[in-house]
Protein chains: 4
Amino acid sequence: MSPILAAAKSAFHERGFHGTSTRDIAARAGVSLPTLYYHHESKQGMLVAVLQAAMDAVLSRVRAAIAEADTPAGQLSNAIEAIVLHMTADLELASTAGEFRYVEHDHPQRAEYVALRTEMEDLVEGILQRGLDAGDFHIDGDIKETLRYLLGACQAVSIWYRPGGARTPTQVAQSYAATSMRAVGAQPNTSVVLAPI
Amino acid sequence: MSPILAAAKSAFHERGFHGTSTRDIAARAGVSLPTLYYHHESKQGMLVAVLQAAMDAVLSRVRAAIAEADTPAGQLSNAIEAIVLHMTADLELASTAGEFRYVEHDHPQRAEYVALRTEMEDLVEGILQRGLDAGDFHIDGDIKETLRYLLGACQAVSIWYRPGGARTPTQVAQSYAATSMRAVGAQPNTSVVLAPI
Amino acid sequence: MSPILAAAKSAFHERGFHGTSTRDIAARAGVSLPTLYYHHESKQGMLVAVLQAAMDAVLSRVRAAIAEADTPAGQLSNAIEAIVLHMTADLELASTAGEFRYVEHDHPQRAEYVALRTEMEDLVEGILQRGLDAGDFHIDGDIKETLRYLLGACQAVSIWYRPGGARTPTQVAQSYAATSMRAVGAQPNTSVVLAPI
Amino acid sequence: MSPILAAAKSAFHERGFHGTSTRDIAARAGVSLPTLYYHHESKQGMLVAVLQAAMDAVLSRVRAAIAEADTPAGQLSNAIEAIVLHMTADLELASTAGEFRYVEHDHPQRAEYVALRTEMEDLVEGILQRGLDAGDFHIDGDIKETLRYLLGACQAVSIWYRPGGARTPTQVAQSYAATSMRAVGAQPNTSVVLAPI
DNA sequence: TATGAATGAGCATTCATTCAT
DNA sequence: TATGAATGAATGCTCATTCAT
């Protein structure tokens with residue numbers, strides 16, 4: 001990630017998209033204002049670039065995490081761990097996801113980002129579905145609602161987690177995975193532990 | 001809630017605090033710009049007023065929901081339902097909670113808001129503690145982590161929920177309550193159903 | 001004309017629309033920059049307002065000038081005098097007509113301005129037509145081409161005329177009227193002299 | 001004319017000097033921005049170069065047009081035709097003359113340009129003077145005023161003329177020449193017809 | 001000859017806020 | 001209570017120009 005995008009990421013994390021000025025970003029990146037525009041179309045373009053980097057990162061981690069297990073329970077546990085580890089590994093990056101709402105509807109890369117996000121949601125939904133079909137999971141209510149419940153809990157990690165706190169990323173990830181397993185009526189999976197990012 | 005605060009609430013929901021201009025708010029409220037300042041100290045003052053209204057609402061509902069049950073399981077189920085119903089009852093109001101981070105640290109009412117929020121977290125944490133002590137709940141990991149897991153899942157409702165969707169507020173609330181019960185290793189509570197807000 | 005529009009008129013005259021900054025205008029008007037925007041939509045809005053004032057002025061003068069004569073020759077002579085007097089009376093105002101090309105095609109008032117301009121052209125063209133029909137005028141070539149020839153000569157006055165020069169506005173106007181009469185093959189009209197503006 | 005100057009000419013025609021950015025010019029010319037500065041001192045330098053090319057073109061045509069006739073009437077008619085043909089032959093080139101006002105007063109080539117323009121004006125003024133002396137022309141008012149009248153009418157051609165319209169360049173030129181002859185009280189000259197450029 | 005990368009200065013416009021009424 | 005009018009400061013962005021390569 002370029003110094004400019006790293007600066008944008010950091011600024012968006014601290015102040016939000018609309019609370020961040022392009023001068024903020026330039027100062028953090030140690031470049032002049034016009035240099036920002038030599039490398040990026042607009043402030044919104046920087047946001048989209050950061051969002052895509054974040055989504056690329058989490059998506060590839062989730063894919064890998066799923067591939068490392070062969071039961072729905074193992075896959076869900078691994079996926080939740082991967083998502084939480086993504087959150088804690090780069091809080092600034094992960095937290096910008098909430099700023100997606102400020103991307104204009106007709107932005108060229110918006111649909112692309114949504115497609116990636118949908119792909120990730122579909123990956124987890126697929127696990128849920130297979131776990132239900134196999135009788136490994138037991139939920140009531142809508143499968144999509146359960147999906148949102150799980151992903152919502154994980155998303156919130158970026159709100160409260162601070163590095164150097166009482167719990168390590170690995171501890172948080174394992175705890176969230178175990179809680180998620182219970183939430184879908186499965187036995188907690190303890191066999192595989194993902195390495196911290 | 002005054003027309004001005006209702007306008008602010010709506011604007012903050014749609015565009016975020018920094019994305020909302022005072023002209024936005026005045027136009028939505030149908031008043032002139034200076035009228036805003038007759039009733040409120042600043043834009044930030046309007047945000048704080050909205051946040052407090054939201055916290056007052058959810059806190060009183062959660063208190064009432066807890067009082068209606070006498071077991072940790074029943075209380076937790078009711079509390080989750082209350083929180084989710086609060087989210088769905090006034091999406092615009094509930095969603096502004098995320099804008100709290102933009103309240104300046106030395107704002108007079110900031111501590112007050114934090115105290116209310118802490119009170120609500122403590123209420124739910126107390127339920128968890130009593131449920132664990134009684135052997136009704138079974139979690140691993142930190143109790144505060146579990147608390148954040150549950151509240152994070154609920155908070156996210158304001159991100160994806162849209163009125164008029166496939167699921168009614170009551171359905172969502174019951175589904176979230178049931179999932180939360182499983183998440184803490186308790187039997188789903190089906191006896192009490194809160195009325196929609 | 002408001003101080004702001006007078007400032008804009010003067011600045012557009014000296015530096016052209018694109019060469020004029022809104023700070024130029026504000027400084028000339030003795031107001032702050034935002035005050036400009038309290039009274040006008042945009043820089044372009046100020047240009048349009050100035051253009052319309054100019055067109056209103058010349059159109060009403062031309063209408064009156066035509067009404068004061070009852071032969072095509074007298075009307076043409078008077079109309080040319082009126083146009084030239086308009087040019088010399090407020091050089092800054094008249095010279096902005098050339099900036100019309102920078103008004104965006106979809107500007108709300110653009111069509112309105114064009115309509116007024118067309119009305120003025122039609123007034124003069126009508127005189128030409130009646131003079132030709134009556135045998136008072138003798139041209140070869142297209143009537144519209146002759147119209148453009150006459151109006152083009154008059155328009156150029158704003159390029160070279162400077163107040164306080166060797167010739168008074170009245171002298172210029174009479175000279176232009178006489179030359180125009182010859183250009184359309186009519187006898188110079190010497191009976192009526194318009195008062196200077 | 002180099003691709004860069006051709007691009008500048010076209011851009012200045014469409015948007016004016018101040019409305020044209022160097023990026024506009026570079027993009028039209030298909031070169032990078034610094035390449036512009038390898039070939040030209042500044043944006044203003046490009047304007048001056050275009051202006052000189054235009055003046056060189058019209059001046060040589062007018063000189064030749066005058067040389068082809070031996071009476072003031074013939075010379076004036078030919079000169080007007082030459083000027084109008086110059087306008088219609090390269091509208092973009094001719095129309096930039098109006099941007100001369102944006103050349104800074106101390107620009108090295110400014111005086112040179114003014115000298116050429118004065119030479120052209122003097123050529124036509126000389127014709128007028130000789131025609132008056134010979135009793136071929138009859139004007140009232142100032143000779144310089146008549147000069148400006150004629151040149152102003154011609155200059156305006158670049159404002160309204162569009163290639164492919166109802167009238168050919170030759171028709172316009174002849175019509176303008178004939179009108180100009182009448183304007184100076186001379187008989188229209190029909191003997192010599194300049195070839196279109 | 002050409003250009004990728006950079007920048008100080010400036011652009012039109014909007015910001016939250018105030019004040020006289 | 002309310003607002004027309006105003007503004008200092010900042011906004012996102014572009015300008016003409018330069019420099020190292």
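All figures in this text were calculated on a predicted structure; none of them were measured in a lab. Chain identifiers are assigned alphabetically (A, B, ...) following the order of the sequence lines, protein sequences preceding nucleic acid strands; residue numbering begins at 1 within each chain.
- The two residues A:Leu93 and A:Ala54 make their nearest non-hydrogen contact at CG-CB, 3.6 Å.
- For the pair C:Leu91 and C:Arg162, the minimum side-chain heavy-atom distance is below 4.5 Å.
- Contacts between chain D and DNA chain F, taken as any atom within less than 4.0 angstrom of a protein heavy atom, begin and end at F:dC15 to F:dC19.
- Atom CD of B:Glu14 is surrounded by more than 12 heavy atoms from other residues, nucleotides or ligands within 6.0 Å.
- Considering all non-hydrogen atoms of both residues, C:Leu51 and C:Thr96 come closest at CD2-O, 3.2 Å.
- For the pair C:Ile4 and D:Met46, both in contact range of DNA chain F, the more 5′-proximal nearest nucleotide belongs to C:Ile4.
- Panel note: side chain C:Gln44, backbone C:Glu104; a donor-acceptor pair is recorded below 3.5 Å.
- Across all strands shown, F:dT17 pairs with E:dA6; the Watson-Crick or G-U wobble distances both stay below 3.5 Å.
- At the phosphate of E:dG8, neither OP1 nor OP2 sits under 4.0 Å from any side-chain N or O atom of A:Ser32.
- To the nearest 0.5 Å, atom CZ of residue A:Phe12 and atom NZ of residue A:Lys43 are 6.0 Å apart.
- Judged purely by atom type and a 3.5 angstrom limit, C:Thr20 uses its side chain to pair as donor or acceptor with the backbone of C:Ala11.
- Closest approach of A:Asp24 and A:Gly19 over heavy atoms only: OD2-O, 4.0 Å.
- Using a 4.0 Å cutoff on non-hydrogen atoms, no part of residues 13-21 of chain D comes near DNA chain E.
- Within a 6.0 Å radius of CD in C:Glu41, no more than 12 heavy atoms belonging to other residues, nucleotides or ligands are found.
- For the pair C:Gly30 and C:Arg23, both in contact range of DNA chain F, the more 5′-proximal nearest nucleotide belongs to C:Gly30.
- At a non-hydrogen distance threshold of 4.0 Å, B:Leu33, B:Pro34, B:Tyr37, B:Ser42 from residues 33-42 of chain B come into contact with DNA chain E.
- The side chain to side chain contact (heavy atoms under 4.5 Å, CB included) with A:Gln109 is formed by just one residue from the set A:Leu47, A:Val103, A:Val48; it is A:Val48.
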